[in-house]
Amino acid sequence: MSDSTYTIPKHFHLPSLESEIVSIWKNENTFEQSVSNRKGRPSFVFYEGPPSANGMPGIHHVISRTLKDMVCRYKTMQGFEVNRKAGWDTHGLPIELGVEKELGITKEDIGTKISIEEYNKKCREAVGRFKDKWDEITQKMGYWVDLDHPYVTYENDYIETLWWCLKELHKKNYLYKSVSIQPYSPAAGTGLSSHEINQPGCYRDVKDTSATVLFALVEASQAQLLQNIDRSEAIDKVYFMAWTTTPWTLPSNLGLTVGPNINYALVKTINPYTHQLQYVVLAELLLSKYFKPEAEDGDFESYTADSKVIPYKVLGLYKGSELEGLQYEQLFTFEANTLEKIKETTPNANPFRVVSGDFVTTEDGTGIVHTAPAFGADDYKVGQKNNLGIVTLIDREGKFIVGSGGYSGRYVKNYKDEKDYQDVNVDIAIALKKRGQAFKVEKYEHSYPHCWRTDKPIIYYPLDAWFVRTTAVKDRMVALNKTINWKPKATGEGRFGNWLENMVDWNLSRSRFWGTPLPMWRTEDGSEEICCGSIAEIKEHLHEESPERELKDVHKPYIDQVILKSPSGKKMYREPDLIDVWFDSGAMPYAQWHFPFSDKRYEALAKGDNASENLKSILPPAFPADFIAEGVDQTRGWFYTLHALSVLLFDSVAYKTVVANGFVLDKFGNKMSKRLGNVVDPFETINKYGADATRWYLITNASPWDSLKFDIKGIEESQRQLFNTLYNTYTFFALYANVDHFSFKEQYIPIQKRPELDRWVISTLHTLIQNVQTYMDDYEPTKAGRAIDLFVDECLSNWYVRLCRRRFWKGEYEFDKISAYQTLYECLETLSKLIAPFSPFFSDWLYRNLNACSNREHKKSVHLCDFPLVIIDDIDTKLEERMQLAQDTCSLLLSLRKKSNIKVRQPLQKAIIPLIDPTMEAKIESVQEIIKGEVNIKEIEFIAADNNLIQKKIKANFKTLGSRMGAKMKAVAQAIAQLGSNEILELERNECLLVNIEGEEIEIGLNDVEITSDDIPVYWLPLREA
RNA sequence: UGGCUCGUAGCUCAGUUGGUUAGAGCGCUACACUGAUAAUGUAGAGGUCCCCAGUUCAAAUCUGGGCGGGCCAACCA
């Protein structure tokens, strides 16, 4: 380049500057070069969490991408090879729901009104709908990621790796089929995901019939319970009280759960419906819910059916753990729920017992939980643990099955909108009342989930599902998590750590259409199963009659048409489930490279007897990641699945550092939502203020992990404060440099030979480099950015440039001037590199402008440069301190002028500075020229410390005295504050003083006090002639 | 309902192991500067450190309990 002048644009407009830079990058392949010119250097592994392109990018995407981009650019400048492969998340419920909404269909229509083939085609189209917008924001915000070779989760290769992972899990016995209790909509005939349940409006307050039910103990258990009860009367029967809001689950009851540490009371009372004497057990703390305090030990004799108050008497107390194992009589006995029937599904089931569970509370109910393992997750868990068995008297349409006595065929809720629907729950309650086995029946209002499509209440229902046995490696997951560098730390220890502690097996199954199919085939009788880890393996096992043989697309419906042949020759059909989309993204470290199939050694190693042993020698490339970053909402999503899979498969972490950034809220601190209309359009923001200003604001305003109250004014501010100031500084430099033809051609002036001000700003600059590097290495970009802000504003612009202006326009082009040019040039050039990771556009613009003229470095772009190195020798902390003193002194003198109303323009003869400490004179003297110039004063005079111009003040040093004085501290502080100037002088001279506190002599050392002078240690004298 | 997190000036944020006048920037007001001028300087106003209780000679800081915002998980008898 032959330019001998620095470009000075007429206007400073960040957005148009940025679009210029974008096209330069494109022409010069700057991004590719920034990676390829680090080839062979140690790599810094980064994983891009795949966004879904079926929605528009929002401002919250800009923050996490800024963070990712910044770290990657920084590491690149530090000399690492940083590959950044983009990715697209393409499966999942939101995509299906979007398509269904668009087509105006529901899940039931799939396979009838629209073929699965057609439906999945629509989904495939939908996932890329906003890809253009995503590419645009990626480019506009300056996010460097390889968009040309992304990983796409729906591609056959990608899915094949997922299958490989699943097969590995299967081999290790980490994959199993079981039932799980899931939200289920009988009206829609489908299971629902928690995502669907949590859609707004799904939880609704409804009134249900609730019943407090009495379970009669069997004789032996009753005897056991009563053995230590001293009683004068014969107790006929003892009942356990349990409360339910879903009486339809009572015929499926198999257990009663008590809290092991809850106290229970055996109570003599009267049944409010039958008015008969009754003996019941419930939590002691909940007695008041059923009985009035005044009824305690009430008069049983005079009770009549009209009595308002039911008397009760506590006969005995038990700990929950003492009740465990007691047996009771089944509440409803039908053909379908006999013990024999139960044993058909659970051969050694032992139901109708009291068991204990930690989830039991005394918040409501009776402290005894009616447990029907089929209809509640907790119930199921406790049932499994205690071998209660499982009874499901309700079919998938939500009605009682045949064999449920009089209830057979009746719907548990009005699912069919029957006009004369008779609530079966009420009937059950009435039946129990008649039997004397209901203690309280009432309407109870609570919030209950509803199906978002049919508006009908859901139930919890046992459905078949495939699980990953994550609990088998829980300890390793916990241990390895402790080696991960979490930013912020608390998320790793708290939110994520707790999540790991309470982990349950990962339910993989989804009964949907558009997703990764489970590669599991079974014979119809379930006796043989095979998990295929590759397309080739499927083809190996094809049954002759399989209608699908090519498998060009591994999705439904084709995969379901694949019939395999079992070792014994039977037909095997695929398990119909799809897998959780989180598996897709969690396996991204391997699937993005089509591991292990992409490894040339794989095919050879996979053959032979030692296959699995051999394969241990290949590890996925670029694994684990050095760094990932996403929103905190991913803690239980991507962060978890990445971690789980890498531990399960490779006993390794998947990432060494993870930054969990917070959320972007609107300026009032409310969450952004389309409904509230407070979403920020990132395109608008970037087009108006520029990506760099936006990025700078997002990073410096709040730590990435704190939630950010997004206010557009903040972007304006960072544009003004940082970019405008830098721009002004640059144009100032360019203006004079062009006049003087400075292009850094003169010999480099060693820093030590430059004037003090130059040495100072270079010293400060290197201190800044040091701080920025420390902060960046610690993933504290906010602190780094703020340090840069401070330097540009306080040091460079408002001190160095301000004081040096004359050096640029006055005098000959020689030593002092050249030194100034070189110094300012170096500051600008270094700054362009320091801010390059944060604001890639402006920094490159600045760097290119400088370098185009000087040709100082053979780099086309700042992003191809190395990060500035700290030169320790250039740092002179003493000088920095001195300069600080000069700045403070100037401030002081200027404010003095202000107070006396003497303008800076009017020169003054002398300033008198009393010396507070002995080193001050030398320090100020070295910077006195600066001070004199700044405040327009001819000379500075010092007067000795023990002058009488200043009034000294003395204050107690609470730190040293506090622990020694204890309660007397207050009095001591007061006494010290009242010391006169003579006493202060004495203390200073003798370094100790005796003070009388409440009649006691206390010795006080120099360390025990802080001696200060009045605020104004500077006086001025007018110019003699003035 | 639980876990985590945040709460300091009008706004955005600092605030060390507890130490006595709680800071900065922006904004606001007044004045000054006018050879960086869509800049700059000086000064001023502005605080229940979310609330309550406790520990301590001393609490924005530590402990407990609340309240409010946010995220996640649940909503279960």
Side-chain angles (χ1 to χ4, degrees), chain A residues 11-12 194 197-198 203 210 242-246 249 256-257 357 359-361 363-372 375-379 446-449 460 488 490-491 493-499 501-502 631-637 660 662-663 665 667-671 697 700-703 705-709 711 713-714 716-717 720-721 724-725 727-729 731-733 735 782-783 786 789-790 793 797-798 801-802 805-806 808-810 890-891 894-899 901 903-905 934 955-973:
Chain A
H11 307 285
F12 177 57
S194 58
I197 298 285
N198 283 324
Y203 275 91
S210 76
W243 177 67
T244 181
T245 55
T246 51
T249 60
L256 293 172
T257 311
F359 62 90
V360 181
T361 67
E363 295 285 306
D364 46 22
T366 63
I368 300 174
V369 177
H370 143 61
T371 303
F375 303 117
D378 281 337
D379 302 48
H446 61 158
S447 98
Y448 195 84
Y460 289 85
T491 302
E493 285 170 0
R495 189 185 283 210
F496 195 68
N498 293 345
W499 173 245
E501 289 297 337
N502 301 318
V632 270
D633 55 327
Q634 295 295 334
T635 309
R636 276 142 185 194
F663 263 64
L665 310 171
K667 63 175 170 181
F668 304 112
N670 296 315
K671 114 191 221 186
Y697 165 71
T700 56
N701 192 60
S703 269
W705 33 89
D706 289 334
S707 52
L708 174 86
K709 289 186 199 163
D711 190 353
K713 277 196 209 136
E716 286 177 43
E717 194 180 315
R720 245 200 336 267
Q721 187 178 307
N724 240 358
T725 309
Y727 169 81
N728 279 337
T729 308
T731 49
F732 171 83
F733 164 82
L735 190 71
T782 306
K783 289 181 180 171
R786 286 177 181 172
D789 264 334
L790 198 71
D793 188 48
S797 172
N798 284 323
V801 172
R802 184 185 152 82
R805 272 177 299 192
R806 275 181 201 79
F808 291 93
W809 80 66
K810 263 177 97 176
C890 287
S891 275
L894 287 172
S895 90
L896 248 186
R897 274 182 173 278
K898 174 73 193 166
K899 272 192 187 129
N901 208 11
K903 297 178 178 179
V904 181
R905 252 203 226 165
E934 266 302 281
K955 198 174 72 177
N957 180 348
F958 285 82
K959 234 177 194 168
T960 60
L961 278 172
S963 50
R964 224 166 70 215
M965 296 298 135
K968 277 184 291 225
M969 190 58 215
K970 255 186 191 143
V972 175

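Atoms considered below: every heavy atom in the structure, side chains included; atoms not considered: hydrogens, waters and symmetry mates. Residue numbers start from 1 in every chain, and the chains themselves are labelled A, B, ... in the order their sequence lines are given, proteins ahead of strands. All values reported here derive from a predicted model rather than from experimental measurement.
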K.L.:
Could you tell me whether the side chain of A:Arg495 has a donor or acceptor atom within less than 3.5 Å of a complementary atom in the base of B:rC71?
P.N.:
yes
K.L.:
Taking for each residue the nucleotide of RNA chain B with the nearest heavy atom, is it A:Thr729 or A:Thr700 whose nucleotide lies nearer the 5' end?
P.N.:
A:Thr700
K.L.:
Could you check A:Thr491 against A:Trp705 for side chain to side chain contact (heavy atoms under 4.5 Å, CB included), going step by step and ending with a plain yes or no?
P.N.:
CA-CA 9 Å; A:Thr491 302; A:Trp705 33 89; 5.9 Å; no
K.L.:
Would you mind reading off the distance between A:Lys783 atom NZ and B:rC13 atom C1', rounded to a whole angstrom?
P.N.:
13 Å
K.L.:
For B:rC67 versus B:rA60, give the span between their P atoms, rounded off to a whole number of Å.
P.N.:
23 Å
K.L.:
Just how far, in rounded Å, is P of B:rU12 from CZ of A:Arg786?
P.N.:
13 Å
K.L.:
Nearest to the side chain of A:Asn724, which nucleotide is it out of B:rG25, B:rA38, B:rC71?
P.N.:
B:rA38
K.L.:
Whole-Å distance between B:rA39 P and A:Arg805 CZ?
P.N.:
15 Å
K.L.:
B:rA14, B:rA36, B:rC26: which one has an atom nearest the side-chain heavy atoms of A:Glu717?
P.N.:
B:rC26
K.L.:
Return the 5'-most residue of the pair A:Gln634, A:Thr244 with respect to RNA chain B, ranking by each residue's nearest nucleotide.
P.N.:
A:Gln634
K.L.:
Considering Watson-Crick and G-U wobble pairs with both distances under 3.5 Å, what does B:rG23 pair with?
P.N.:
B:rC13
K.L.:
Between A:Gly357 and A:Thr257, what is the shortest heavy-atom contact and its length?
P.N.:
N-CG2, 3.3 Å
K.L.:
May I ask which nucleotide in the shown strands pairs with B:rA30, Watson-Crick or G-U wobble, both distances under 3.5 Å?
P.N.:
B:rU42
K.L.:
Where do A:Arg495 and A:Arg636 come nearest, in terms of heavy atoms and distance?
P.N.:
O-NH2, 3.8 Å
K.L.:
Side chain of A:Asp633: nearest nucleotide among B:rC13, B:rU5, B:rC71?
P.N.:
B:rC71
K.L.:
Compare the minimum distances between each of B:rC71, B:rC4, B:rC76 and the side chain of A:Val632, then state the nucleotide with the smallest one.
P.N.:
B:rC71
K.L.:
If we take the P atom in both B:rC50 and B:rU16, what is their distance in whole Å?
P.N.:
14 Å
K.L.:
Nearest to the side chain of A:Arg802, which nucleotide is it out of B:rC76, B:rU40, B:rU20?
P.N.:
B:rU40
K.L.:
Check the angle between the aromatic planes of A:Phe12 and A:Tyr727 and answer parallel, tilted or perpendicular using the 30° and 60° thresholds.
P.N.:
parallel
K.L.:
B:rG64 pairs with which nucleotide, Watson-Crick or G-U wobble, both distances below 3.5 Å?
P.N.:
B:rC52
K.L.:
Output the rounded distance in Å from CH2 (A:Trp809) to C1' (B:rU37).
P.N.:
13 Å
K.L.:
Taking only the P atom of each, what is the distance from B:rA14 to B:rG7 in whole angstrom?
P.N.:
8 Å
K.L.:
If we take the C1' atom in both B:rU12 and B:rG47, what is their distance in whole Å?
P.N.:
16 Å
K.L.:
If you check the A:Asp378 side chain, which of B:rU5, B:rC26, B:rC76 turns out closest?
P.N.:
B:rC76
K.L.:
Is the aromatic ring centre of A:Phe958 closer than 5.5 Å to the centre of the six-membered base ring of B:rA58, with the two planes inclined by less than 30°?
P.N.:
no
K.L.:
Judged by atom type as modelled, is there a donor-acceptor pair below 3.5 Å linking the side chain of A:Arg786 to the main-chain atoms of A:Asn701?
P.N.:
yes
K.L.:
Could you identify the nucleotide paired to B:rC71, looking across every strand shown and requiring Watson-Crick or G-U wobble geometry with both distances under 3.5 Å?
P.N.:
B:rG3
K.L.:
Please report, rounded to the nearest Å, how far the P atom of B:rC76 is from the CH2 atom of A:Trp243.
P.N.:
10 Å
K.L.:
Under a 4.5 Å cut-off applied to non-hydrogen side-chain atoms, are A:Ser797 and A:Phe732 in contact?
P.N.:
no
K.L.:
In whole Å, measure the gap between the C1' atoms of B:rA9 and B:rC26 for me.
P.N.:
12 Å
K.L.:
B:rA39 base to A:Thr725 side chain: any donor-acceptor pair below 3.5 Å?
P.N.:
no
K.L.:
What is the distance, to the nearest angstrom, from the CG atom on A:Leu790 to the P atom on B:rA14?
P.N.:
15 Å
K.L.:
When you get a sec, tell me which of B:rA77, B:rG3, B:rU12 is the closest nucleotide to the side chain of A:Asn498?
P.N.:
B:rG3
K.L.:
Could you work out which one of B:rU12, B:rC76, B:rU40 sits closest to the side chain of A:Asn798?
P.N.:
B:rU40
K.L.:
The side chain of A:Tyr460 is closest to which nucleotide in this list: B:rU5, B:rA36, B:rC75?
P.N.:
B:rC75
K.L.:
What's the gap between B:rU61 and B:rC71 when it is taken at their C1' atoms, as a whole Å value?
P.N.:
26 Å
K.L.:
Measure from CG on A:Asn701 to P on B:rG27 and round the result to the nearest Å.
P.N.:
15 Å
K.L.:
Sub-3.5 Å donor-acceptor pair from the side chain of A:Thr729 to the main-chain atoms of A:Thr725, do we have one?
P.N.:
yes
K.L.:
Between atom CZ in A:Phe732 and atom P in B:rA39, what is the gap in whole Å?
P.N.:
18 Å
K.L.:
Would you tell me if any nitrogen or oxygen in the side chain of A:Thr245 comes within less than 4.0 Å of OP1 or OP2 on B:rA77?
P.N.:
yes
K.L.:
Looking only at atom C1', what distance separates B:rU5 and B:rG44, rounded to whole Å?
P.N.:
38 Å
K.L.:
Which nucleotide in the list B:rC76, B:rC72, B:rA77 gets nearest to the side chain of A:Arg636?
P.N.:
B:rC72
K.L.:
Taking all non-hydrogen atoms of both residues, which atom of A:Thr246 and which atom of A:Thr244 are closest, and how far apart?
P.N.:
N-OG1, 3.0 Å
K.L.:
Rounding to an integer number of angstrom, what distance separates B:rC13 and B:rU8 when you compare their P atoms?
P.N.:
9 Å
K.L.:
How is A:Glu493 classified with respect to the nucleic acid when contacts are heavy atoms under 4.0 Å: base, sugar-phosphate, or nothing?
P.N.:
nothing
